[in-house]
*Asks:* 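Take a look at the following structure, please.
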Amino acid sequence: QVQLAESGGGLVQPGGSLRLSCAASGPTVNSGAVGWFLRAPGKELEFVAGITRSGLQKYYADTVKGRFTVSRDAAENMVYLQMDSLKPEDTAVYYCAWRPYGLVSRTSAEYDSWGQGTQVTVSS
């Protein structure tokens with residue numbers, strides 16, 4: 001079973017940057033796509049970004065396009081979310097998730113494994 005662990009969250013001022021990391025373990029982690037989701041207070045899980053198994057295709061929510069960049073290092077079993085030009089509305093708990101298919105899904109229910117989440121707070 002794939003296990004995931006996020007890190008890199010914290011408090012940052014508007015306009016600042018954070019880099020979230022998702023450490024993956026398990027024999028099949030590189031055989032699947034990885035997505036990043038967020039949950040803001042009182043709201044449901046929301047797709048942020050995703051990267052295919054090959055790493056060649058990347059997908060973003062309209063709200064983060066041009067500000068966030070997803071990448072993966074297959075050799076290190078790591079997936080990253082570079083977050084730039086952060087806004088207060090980006091404040092949420094961010095999760096990485098894995099699915100045993102090559103393609104990204106924007107639907108949280110289609111992911112099999114989840115990390116515990118990391119808090120991102122954007123505030124002055």
*Asks:* Check whether more than 12 heavy atoms from other residues, nucleotides or ligands sit under 6.0 Å from atom OH of Y60, and answer yes or no.
*Replies:* yes
*Asks:* Using the test salt bridge (charged side-chain N to carboxylate O under 4.0 Å, His left out), find all partners of K43 that sit at least two apart in sequence or belong to another chain.
*Replies:* none
*Asks:* Consider ring pair (Phe, Tyr, Trp, His ring centres under 6.0 Å). Of Y94, W98, W36, F37, which one does W114 pass it with?
*Replies:* F37
*Asks:* Sorted by first residue and then second, give each salt bridge (charged side-chain N to carboxylate O under 4.0 Å, His left out) pair with at least one member in residues 95-124; sequence neighbours left out.
*Replies:* R99-E110
*Asks:* So E46 and T63, do their side chains get closer than 4.5 Å, heavy atoms only?
*Replies:* yes
*Asks:* Is there a path of hydrophobic side-chain contacts, each under 4.5 Å between heavy atoms of I, L, V, M, F, W or Y residues, that connects V70 with L20?
*Replies:* yes
*Asks:* Mind jotting down which residue pairs meet the disulfide bond (SG atoms under 2.5 Å apart) criterion with at least one end in residues 36-124? Sequence neighbours excluded, please.
*Replies:* C22-C96
*Asks:* Using a cut-off of 6.0 Å, state whether more than 12 heavy atoms not belonging to E44 lie near its atom CD.
*Replies:* no
*Asks:* Look at the side-chain heavy atoms of Ile, Leu, Val, Met, Phe, Trp and Tyr, link any pair under 4.5 Å apart, and say whether I51 and L18 land in one connected group.
*Replies:* yes
*Asks:* Applying a strict under-4.5 Å side-chain criterion to I, L, V, M, F, W and Y, I'd like to know whether V34 and L38 cluster together.
*Replies:* yes
*Asks:* Could you grab the distance from atom NZ of K58 to atom CZ of R72, nearest 0.5 Å is fine?
*Replies:* 10.5 Å
*Asks:* Between P14 and S124, what is the shortest heavy-atom contact and its length?
*Replies:* CD-N, 3.7 Å
*Asks:* Once side chain to side chain donor-acceptor pair (under 3.5 Å) is applied, do any residues pair with T121, and if so which ones, sequence neighbours excluded?
*Replies:* Q119
*Asks:* Can you list everything that forms a salt bridge (charged side-chain N to carboxylate O under 4.0 Å, His left out) with R67? Sequence neighbours excluded, please.
*Replies:* D90
*Asks:* Without swapping roles, check the side chain of S105 against the backbone of T107 for a donor-acceptor pair under 3.5 Å.
*Replies:* yes
*Asks:* For residues 74-82, run the donor-acceptor check on the side chains, cut-off 3.5 Å, and write out each pair with its distance to 0.1 Å, sequence neighbours left out.
*Replies:*
unit_1 : atom_1 : unit_2 : atom_2 : d
N77    : OD1    : N30    : ND2    : 3.0
Q82    : NE2    : D84    : OD1    : 2.9

*Asks:* Keeping the roles fixed (side chain from Y95, backbone from E6), state whether a donor-acceptor pair exists under 3.5 Å.
*Replies:* no
*Asks:* For L45 and S108, work out which heavy atoms get closest and say how close.
*Replies:* CD1-CB, 4.0 Å
*Asks:* Whether the side chain of Y59 engages the backbone of T52 through a donor-acceptor N/O pair (distance < 3.5 Å, no angle test) should be reported.
*Replies:* no
*Asks:* With the side chain counted from C-beta on, respond yes when V12 and S17 share a heavy-atom pair under 4.5 Å apart, and no when they do not.
*Replies:* no
*Asks:* If two hydrophobic side chains count as joined below 4.5 Å and joins carry through other members, does L4 share a cluster with V48?
*Replies:* yes
